*Asks:* 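Take this structure, written in structure tokens, and hold onto it; I'll ask about it next.
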Amino acid sequence: MRIVFLCSGNTCRSPMAEGIFKKMIDDGDVSLPDSNENIEVSSAGFSTYSGEEIAEYAVYACRRHGIDLSDYRTTNISDIDFDDVDLVLTATVENREKIRRFYPDVNAYTIKEYSGLYDDLDSGNPSNALDINDPSGGGLGDYVICYFKIKEALENILRTHKEFIKKVEK
């Protein structure tokens, strides 16, 4: 199974999601129903050049939780072969709609949408409920909040989508 996390610049949210999910795999929290199949996780962005460094605060926020993103480099979506991708999880509704326009056959959802976690559905703007806000330009605290929102959503995906991914009983 191949999963790609997408955000705008691939400098904070999507690499953080990739790092968190890879740690879940490494820690044995994630496996597939078919134990012979591997899980490949990557991330990319719409508005980035491949090979750039990611946000320093994203590296710090993840490092505090045992995830090393110091060598991570950005990837532009043009460098991803979406024909080989099983699931695309985006940071925002806008990103989801963009990837669906570019690749109509892709299986794409926002991270929160796929997890079943929604915020403020009555806020008048349902897309806000499905978005993980971009911490770019904020302080370390904004990145830490973003980290926990992503982690919570990914943990809920493990609980609710056993047809694709299951939590390994320890």
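The basis for the numbers below is simple: all heavy atoms, side chains too, and nothing from hydrogens, waters or symmetry mates. Bear in mind that the values here come from a model prediction, so they are computed numbers and not experimental data.
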*Asks:* Backbone N or O of Glu52 within a donor-acceptor pair of the Thr74 side chain at under 3.5 Å?
*Replies:* yes
*Asks:* With the threshold set at 4.0 Å, does a side-chain nitrogen-carboxylate oxygen contact exist between Lys112 and Asp131?
*Replies:* no
*Asks:* One pair to check against side chain to side chain contact (heavy atoms under 4.5 Å, CB included): Arg96 and Leu130. What are the steps and the verdict?
*Replies:* CA-CA 10 Å; Arg96 181 195 68 198; Leu130 298 175; 4.2 Å; yes
*Asks:* Without swapping roles, check the side chain of Asn156 against the backbone of Ser115 for a donor-acceptor pair under 3.5 Å.
*Replies:* yes
*Asks:* How far apart are the C-alpha atoms of Tyr60 and His65, what are their side-chain angles, what is the distance that settles it, and do they pass the ring-ring contact (aromatic ring centres under 6.0 Å, His included) test?
*Replies:* CA-CA 9 Å; Tyr60 291 153; His65 301 282; over 10 Å; no
*Asks:* Does the side chain of Tyr147 come under 3.5 Å of the side chain of Asp142 through a donor N or O and an acceptor N or O?
*Replies:* no
*Asks:* Hey, is the main chain of Thr48 close enough, under 3.5 Å, to the side chain of Asn76 for a donor-acceptor pair?
*Replies:* yes
*Asks:* Ignoring hydrogens and angles, tell me if any N or O in the side chain of Arg13 forms a donor-acceptor pair with the backbone of Ile132 under 3.5 Å.
*Replies:* yes
*Asks:* Is there a path of hydrophobic side-chain contacts, each under 4.5 Å between heavy atoms of I, L, V, M, F, W or Y residues, that connects Ile3 with Tyr109?
*Replies:* yes
*Asks:* I'd like to know if the side chain of Thr75 and the backbone of Ser50 have a donor-acceptor N/O pair within less than 3.5 Å.
*Replies:* no
*Asks:* Indicate yes or no: does Glu53 engage Arg73 in a salt bridge with an N to O separation below 4.0 Å.
*Replies:* yes
*Asks:* Nearest 0.5 Å please: distance from the SG atom of Cys7 over to the CD1 atom of Ile111.
*Replies:* 8.5 Å
*Asks:* For Val93, does its backbone N or O pair with a side-chain atom of Thr110 as donor and acceptor, under 3.5 Å?
*Replies:* no
*Asks:* Tell me whether Phe46 shares a hydrophobic cluster with Leu89, the cluster being built from Ile, Leu, Val, Met, Phe, Trp, Tyr side chains joined at under 4.5 Å.
*Replies:* no
*Asks:* Please determine whether salt bridge (charged side-chain N to carboxylate O under 4.0 Å, His left out) holds for the pair Glu152 and Lys149, giving the CA-CA distance in whole Å, both sets of side-chain angles, and the decisive distance to 0.1 Å.
*Replies:* CA-CA 5 Å; Glu152 177 186 30; Lys149 286 186 178 206; over 6 Å; no
*Asks:* So, are Glu18 and Lys22 salt-bridged, with charged N and O less than 4.0 Å apart?
*Replies:* yes
